[in-house]
Structures are given as structure tokens and as C-alpha cells.
Amino acid sequence: MPYDLELDLTAKAGQSFARFDSLTELVNLLPDQTAPPRDLVDHLRSTGIVDASARFQTLYGGRTNQVWKVLGGDGDKVLKLYRSKLRNPLFRNDAELEARCLNALEPMGFAPRLRATGKHDNGLWVFYDHAPGSPWQSETTCVAALLRKLHMLNISIDVPSGRNGSADLAHQTQQILDMCRSDQKAQLARLRPVSPVPATNHTCLVHGDPVAGNILVDATGLTLIDWQCPARGDPCEDIALFLSPAMQQLYRGAPLRAAEEAQFLSAYDQPEITHRYRELQKWFAWRMAAYCLWRIENGATDYSAALDLEIAALG
């Protein structure tokens, strides 16, 4: 049975599209409008996971996997097919971890409801309820409250350990730089921070990728999506990734103003953690700068402005 493929540029806008002069220019620069694999759709229909008349709408904004909004049946759903060939040195891409987190966190309102998981060819897929809302754009205090609530959860989920302390961050950053080839890696190596910060014993569940595109806002509140790289680690990881000038530039079109960052840290309302974040801020900026360089060298030219912002944060 044929199925429809549609295009949605707004349901999960993973980056700012404001710099494009026209919709035609934007669409020409997007990946091919790829439908879900025919045999996967047949499987979903034959097992009753999706309705026979379901329509598939391509969601743009994610930078790693193929994602479709599934229209029809008992409410809209999301089908995510994990198909990344590029091993990411900063953001893990694990379908099993995402399924584990969705199962545990959906009853608490942090994540959409998982409906099914499976394997297709060499990749895994997850199928879950479509979270309402639009990607976060403004008002940092609500994000601070969301992350504080997440970090205070007393919950046990089998996830890997995260990076903890400046020695861990330095090791990971050097691994990323070792993957780079351009002359600029030497410049970044010279920008390594010098003040050590010890690991913390205060670890918790961290999302691992709480960028603007992964925080959906609607009238009922905020929802975190894309749980493919969670960890048990330092809550400063999530704080740093949300506040990162590079990630704000890439997903929202501009870094946060100093006042917005200050409002976030005040609203997070955990002085010991926010003090620790400030001590680690340059280490996080150094790591993100290395990551931006690696992405540029692997074809993501939109990371150039992001790299400049992180280098400026190191100054």
C-alpha cells in the first residue's frame, strides 16, 4: 500500500532558519526528503504499531538520525531510525538508552511515552508519542527549573557514567583534538584552561544533550526529547550544554545574553552546583570548541560561527 511523505520544517526546528531568504533556498540545502524504508513501514503496519492509513512527515532539525512524524491512529507519533555512520566523540547515539529513559521518565512528565522499539538492517528504531509544542526560544528560567527537577530525581536507570571534573574533560577534549587534522587544532591546544577542578561526588541523571531543539514548550510546560545520550554524572554537564554559545547559535540562531545566562543560573537555585559550573566553564568551552572544529572538518560548515563563539568564551 502506498504511503505519503510530507515535510515539516517547524515541528522540531533543530536550528535557526532565519538566515535563509526563502523557503526554496532552505529546502535546497536540507537533506533529501527520504521516506521511511518500505519494509519497515510494512512491518509497523502488519504488527499494528501504525495505522494502515498513517502518513509520514519528515522532521528536520535533528543532526544525526532520520526522524518522521507519524500522522493518524490514536494521536501523532514519532518514528526515529538510528542511522548515523559518523561516530560522534561528544554525543552518544544509543537507541537502547533512549528507550530505557523514555520508559522510566514518561510517568514523571519528563519525556514522551515509548510505544515500540525494533531493529532494521544495521540500525535500531524507536517509536514514541509525539510531544506537543515548539522548540525552546526564550525565557531561561523555565529551563533552569526543568533541569533542576531532573537532576534532583531519585531514580535508578542503567546509563553510562558521564564526564566528571577537569581531568575527565581534558582527556575527552584531547581525544577530540586527536581526531582533527587542520592547523587550527594547534591553536585550540594552546587554549587549554589551566585551573584544575576535582570530580564531584554529587552525581545524578543528566540528559546529555539539553539544547534548545530538544526542549519542547507548550501550554502545559516543557518536555525533553532525544534521550540518546544520557549519563549518570555531573549536573554541570547539562548546564554547560544548554548555556553553550555554540549550541545556542546552532539551535536558536544566537548565543544567550549575559543577563539571560545569569537568570538561568539564579533560577537553577543550587548555589554549590552553579559555583562549580563557573569553575568548569572554560573547560566546557574548550571541549565544545574542539567538537566544533571536528564537526567542521567532517562537513558541518554551520559550526564555523559556533567555533568562534566558544573560542571567544575561552578568552
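Computed from a predicted structure; not experimentally measured.
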If you measure from the Lys or Arg side-chain nitrogens to the Asp or Glu carboxylate oxygens, is any gap between [X] and [Y] under 4.0 Å?
X	Y	value
Arg257	Glu260	yes
Arg163	Asp234	no
Arg287	Glu237	yes
Asp226	Lys80	yes

Scan side-chain atoms only and decide if [X] and [Y] contain a donor-acceptor pair under the 3.5 Å cut-off.
X	Y	answer
Asn88	Asn93	no
Arg92	Gln228	no
Glu310	Ser244	yes
Asp178	Gln174	yes
Tyr291	Arg295	yes
His207	Asn214	no

Open item on the list: Looking at Gly315, is its backbone amide N or carbonyl O close enough to the side chain of Lys282 to form a donor-acceptor pair, meaning the two atoms are under 3.5 Å apart?
Closed with: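 Side chain of Lys282 to backbone of Gly315: a pair is present.
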Minimum heavy-atom distance between [X] and [Y], given as atom pair plus value:
X	Y	value
Leu250	Asp302	CD2-O, 3.4 Å
Gly133	Asp218	CA-CB, 3.7 Å
Cys101	Val159	SG-CG1, 4.3 Å
Pro107	Asn103	CD-O, 3.6 Å
Ala254	Arg252	O-NH2, 3.0 Å
Leu280	Gly165	CD2-C, 4.3 Å

Task: CA sep, side-chain torsions, deciding dist, call: Arg192, Leu177, side-chain contact (heavy atoms from CB on, under 4.5 Å) - done: CA-CA 11 Å; Arg192 172 180 169 144; Leu177 287 175; over 6 Å; no
Counting only heavy atoms not in [X], do more than 12 fall under 6.0 Å of its [atom1]?
X	atom1	result
His202	NE2	yes
Arg100	CZ	yes
Asp183	CG	no
Gln175	CD	yes

Open item on the list: The test is side-chain contact (heavy atoms from CB on, under 4.5 Å); show your working for Trp68 and Leu59 and say whether it passes.
Closed with: CA-CA 5 Å; Trp68 300 270; Leu59 294 181; 5.8 Å; no
Straight-line distance of [X] [atom1] to [Y] [atom2], nearest 0.5 Å:
X	Y	atom1	atom2	answer
Cys142	Leu147	SG	CG	10.0 Å
Cys292	Met247	SG	CE	5.5 Å
Trp294	Ile296	CH2	CD1	12.0 Å
Trp125	Leu81	CH2	CG	10.0 Å
Leu293	Ile176	CG	CD1	10.0 Å
Leu40	Arg45	CG	CZ	11.0 Å

Residue pair [X] / [Y], side-chain heavy-atom distance below 4.5 Å:
X	Y	answer
Arg276	Thr200	yes
Leu241	Pro210	yes
Leu224	Leu150	yes

Open item on the list: Exactly one of Val67, Leu44, Val41 should register a side-chain contact (heavy atoms from CB on, under 4.5 Å) with Leu79. Which one does?
Closed with: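 So the option named by the test is Leu44.
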Following the transitive rule for hydrophobic clusters with a side-chain heavy-atom cut-off under 4.5 Å over Ile, Leu, Val, Met, Phe, Trp and Tyr, establish whether [X] and [Y] coincide in one cluster.
X	Y	value
Val206	Met152	no
Trp283	Leu309	no
Ile225	Leu124	no
Leu307	Met288	yes
Ile157	Leu114	yes

Task: From CA spacing to verdict: side-chain contact (heavy atoms from CB on, under 4.5 Å), Leu216, Leu222 - done: CA-CA 6 Å; Leu216 300 184; Leu222 277 61; over 6 Å; no
Open item on the list: Using 30° and 60° as the class boundaries, would you call the ring planes of Phe264 and Tyr268 parallel, tilted or perpendicular?
Closed with: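 It falls in the parallel class, under 30°.
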- [ ] Could you tell me how the ring of Phe284 sits relative to the ring of Tyr277: parallel (under 30°), tilted (30 to 60°) or perpendicular (over 60°)?
- [x]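 Parallel: the ring planes of Phe284 and Tyr277 meet at under 30°.
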- [ ] Could you check Ser182 against Glu297 for side chain to side chain donor-acceptor pair (under 3.5 Å), going step by step and ending with a plain yes or no?
- [x] CA-CA 8 Å; Ser182 66; Glu297 292 187 6; 2.6 Å; yes
TODO: Evaluate side-chain contact (heavy atoms from CB on, under 4.5 Å) for Leu191 paired with Ile311, printing each intermediate quantity in order.
DONE: CA-CA 8 Å; Leu191 293 175; Ile311 291 175; 4.1 Å; yes
TODO: Using the ring of Tyr82 (Phe, Tyr or Trp, six-membered ring only), decide whether Lys119 places NZ or CZ under 6.0 Å from its centre and within 45 degrees of its axis.
DONE: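 Negative - Lys119 is either too far from the ring of Tyr82 or too far off its axis.
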